[in-house]
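Note on naming: letters A, B, ... go to the chains in the order of the sequence lines (proteins, then strands), and numbering restarts at 1 for each one. Just so you know, these numbers come straight off a predicted model, no measurement behind them.
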Amino acid sequence: MSRWSLGRMILPLLAIVVPATLASAQAKLDKQTVNVKDTTVQFTMIKLPAGEVELKLGNLPAKKVAVKSVWIGETEVTWDEFDTYAYGLDIKDEKEKIDSVGKTRPSKPYGAPDFGFGHAGYPCLAETYFSAQMYCKWLSEKTGKKFRLPTEAEWEYACRAGGAPVKIQDKDALAKVAWFEDISEEKSHPAKQKAANDWGFFDMLGNAAEWVDKDADAQKADEAYDKENPDKPTKRAEMPVARGGSWKDAADKISSGQRFPQTSQWNVTDPQNPKSRWWLADGKFISFRVVCEE
Amino acid sequence: MEKVGFTRRNFLKTSAAVSAASLMTNLGTNFAHAAGSDVIKVGVIGCGGRGNGAADDCVGGGEIAGAKVQIAAVADVFKGHTDHLKNKFKIADDKCFSGLDAYKGVVDSGVDMVIIATPPGFKALQFEYAIEKGKHVFVEKPVAVCPAGVRIMLKAGEMATEKKLAVVAGTQRRHETNYIDTIKAIHDGAIGDILHMSVYWCGGGIWWRNPEAGMSEVEAQINNWYHYIWLCGDQICEQHLHNLDVANWVMGSHPVSAYGQGGRNAKMRPQGSEIWDNTAVEYEYPNGGRVLSFGRHWPGDGNVSEFAIGSNGTSNPGGWIAPKGGQRKSFRNARSGYVQEHADLIKSILEGKPLNETKAVAESTMTTIIGRMSCYSGKKVNWDWAMKDSKLDLVPRNLDLKGPAPKVEIPIPDGKLV
């Protein structure tokens, strides 16, 4: 029995229980290693089986969403991968490298986007949703395959390994699979230090929260809210959503269903106007993993 | 170790006494607007990303302090750069200024206060002019790039005190409760006497702006100012100042000397950039303590922070203390320092107790400059020599905006004090 399964047994108080789409939670899924040409970038992806997941997004009624079979990153994107893109390490021509900054590649970060937590093997941090999307675009161009961010349904389906929602209330059990406030020492940690879930995904809970593509119904609800509250300075519809919680979150915020819409606090100390569209000055808890459709 | 007639705690007691005395001043005419109007008119000099951000921060700071801030005039070397603030705050055309002397237009436009957010090389002369004309000032850091500029700042800062003008610098950590509370605990002796600090600004790099069509050499350099020493002062000055400012704050003094090294990896800087991409400087302080500074623009492990070792524990002055054998204690920030510094500035004006941070930021700027001078020259640079005798003056006084770039030697450690 995996540690995540153990956690679920400890806490079967879930409001929604969705039958696993696989006969066994221990199923071995296909894996592939992705190599990116002109670089030393290499990472592992796991093939999600097609299936269905029941989502409960905020105040919206629960709904069932079909998930196609796609490949999804075994871990969050690490600095080893993101540096190659961000610093143009794959570009040989110096002029091309300079010209790409702030256009197709991230602007130079004002400070240290790893916040001194650690670098090699650590999840990349503080990228905006836009920046994460642009990384996927670069990866698509380099590999000839279509990369993108996971949808909320894909992310939750992978996080739950096709099973019921995951919320582990016993902190000792949670500590076996996730970095969270009580044990993180106020920083992120290298990928794959905690146990994987039943499908082999690491760090979906805790360590760094992960950008996802917002669910269409949730987006409509946000737009309606903004229309009813025109005086609110922050427009919900303009704020992307992260999942999974992070090293800075309390244990009760770490679950497969908890959503983290971006707030102005995630970029409050960017001293520039306009603020960077590539980096979140205070996003020391945000990362992402990628999906490949082929 | 040589003993000096100076201890950290004595220094702090002295500072506190001076500070209390300086507050025992009569209110001057500079506070008339606070009594007679509920609007503080602010001019912005330098409308790049930071100037635009500081304008918003000032409005936010005013709200916190209980005053309405009106961004009333703007200036930038480049005409188009003022458009954002002009449109946002509906500023009349005759209050928008461009060119090298545009700052004078803003200062003389009837504002109560100015925000100076221009490239570092320009700040000292602009600050001096604003103080001469009786304006309260928010000045971004660093405030100079050479000893000559630091001397201008210090003299003008004294003038500000005489005129009862408020000056707050863009060393925002001094307005963040995580730093304030941690450093208070350090100064209260929580980890004993500070023997050593390491301070870091190791980040991933900096933007490069290609010359735009029709730009003169001077215009191109001002537009791409980070890469020219006469405008920027190098990375140790422009960015790493923040961490060295914290070091001076914790140590209770500026250093007495700097001994450094560094260089520039061709791959890390575009061709034409004058600045280095790494520096490492050891500073000696009056109590014999040392501060090791690391500045870097490389990919890889980053670190922008400070660390202190005391005789009885350790601390990150940005948020925690760990006394030896005791309980580690963390301190949180209450509000963005970028807004809080404006709130504190405006509050001090309203209360008739003007803050004046000129000396602290000028000394932190000088700390970075002697570090850079040591790196460039290969020599140990003493504070007193640099402050009194250095002839280094990098900023041309009669600059032609349409002219050729000032001639600056790209530094190499050749024994000369560049």
Side-chain angles (χ1 to χ4, degrees), chain A residues 79-80 82-89 91-103 105-122 124-127 181 185-187 233 248 264-279 281-282 284, chain B residues 47-57 60 84-85 88 117 140 170 172-173 176 200-210 226 238-239 242-243 266-273 296-307 316 318-320 328 330 333 335-339 341:
Chain A
W79 283 116
D80 313 76
F82 195 77
D83 279 353
T84 304
Y85 164 66
Y87 295 105
L89 303 180
I91 303 175
K92 292 189 177 73
D93 182 76
E94 281 304 304
K95 186 175 182 307
E96 185 187 340
K97 186 184 285 192
I98 292 166
D99 290 346
S100 71
V101 176
K103 297 183 182 113
R105 308 291 176 118
S107 57
K108 299 292 186 184
Y110 183 67
D114 64 11
F115 299 92
F117 297 160
H119 208 82
Y122 283 69
C124 64
L125 294 174
E127 296 80 18
E181 185 183 35
E185 298 179 331
E186 300 180 22
K187 66 190 189 75
K248 78 171 188 58
S264 59
Q265 291 302 306
W266 295 13
N267 207 13
V268 73
T269 64
D270 183 338
Q272 306 284 323
N273 183 344
K275 291 177 186 286
S276 173
R277 32 177 219 154
W278 296 93
W279 300 101
D282 306 285
K284 55 177 73 171
Chain B
C47 298
R50 181 73 273 265
N52 292 346
D56 291 340
D57 295 335
H84 172 79
L85 292 181
K88 180 168 185 173
E140 257 304 336
Q172 77 279 356
R173 285 162 174 76
E176 294 173 353
Y200 314 86
W201 194 297
C202 298
I206 192 67
W207 44 258
W208 169 270
R209 296 169 184 154
N210 288 319
Y226 202 115
E238 217 299 315
Q239 285 179 311
H242 280 302
N243 319 103
K267 287 184 178 175
M268 292 298 126
R269 293 284 186 229
Q271 197 174 5
S273 175
R296 198 174 76 181
H297 275 170
W298 292 351
D301 282 57
N303 193 350
V304 179
S305 70
E306 306 86 24
F307 181 72
N316 175 334
W320 56 260
R328 177 182 154 122
S330 294
N333 190 26
R335 180 182 286 132
S336 164
Y338 294 106
V339 175
E341 61 193 355

What part of A:Y122 gets closer than 4.5 Å to chain B, counting heavy atoms only: side chain, backbone, both or neither?
neither
Honestly, the part of A:P271 sitting under 4.5 Å from a heavy atom of chain B is both
Does any backbone or side-chain atom of B:R335 lie under 4.5 Å from a heavy atom of chain A? Answer side chain, backbone, both or neither.
neither
For the candidates A:G118, A:G111, A:P109, which exhibits the highest count of non-hydrogen atom pairs separated by less than 4.5 Å from chain B?
A:G111
Which answer fits A:V101, side chain, backbone, both or neither, if we ask what part of it has an atom under 4.5 Å from a heavy atom of chain B?
neither
Region of B:W201 in contact with chain A, defined by heavy-atom distances below 4.5 Å
side chain
Below 4.5 Å, heavy atoms only, C-beta onward: do A:Q272 and B:R50 meet side chain to side chain?
yes
Check for a donor-acceptor pair, side chain of A:D114 on one end and backbone N or O of A:H119 on the other, with a separation under 3.5 Å.
no
Does a donor on one side chain sit under 3.5 Å from an acceptor on the other, for A:T269 and A:D282?
yes
Residue pair B:I206 / B:Y226: nearest heavy atoms and the distance that separates them
CG1-CD1, 3.4 Å
Where on A:Q265 is there a heavy atom nearer than 4.5 Å to chain B: the side chain, the backbone, both, or neither?
neither
Evaluate whether atom CD of A:E185 has more than 12 neighbouring non-hydrogen atoms of other residues, nucleotides or ligands under 6.0 angstrom away.
no
Using modelled atom types and a 3.5 Å cut-off, is there a donor and acceptor pairing between side-chain atoms of A:K275 and backbone atoms of A:N267?
yes
Considering all heavy atoms, the nearest A:W279-A:P113 contact
CZ3-CB, 3.5 Å
Would you mind checking which part of B:H242 comes under 4.5 Å of any heavy atom in chain A, side chain (CB onward), backbone (N, CA, C, O), both or neither?
side chain
Checked B:P299, B:S336, B:G53, B:G205 vs chain A; the most non-hydrogen pairs under 4.5 Å come from B:P299
Max heavy-atom pairs within cutoff under 4.5 Å with chain A, candidates B:D301, B:D56, B:D57, B:V339, goes to B:D301
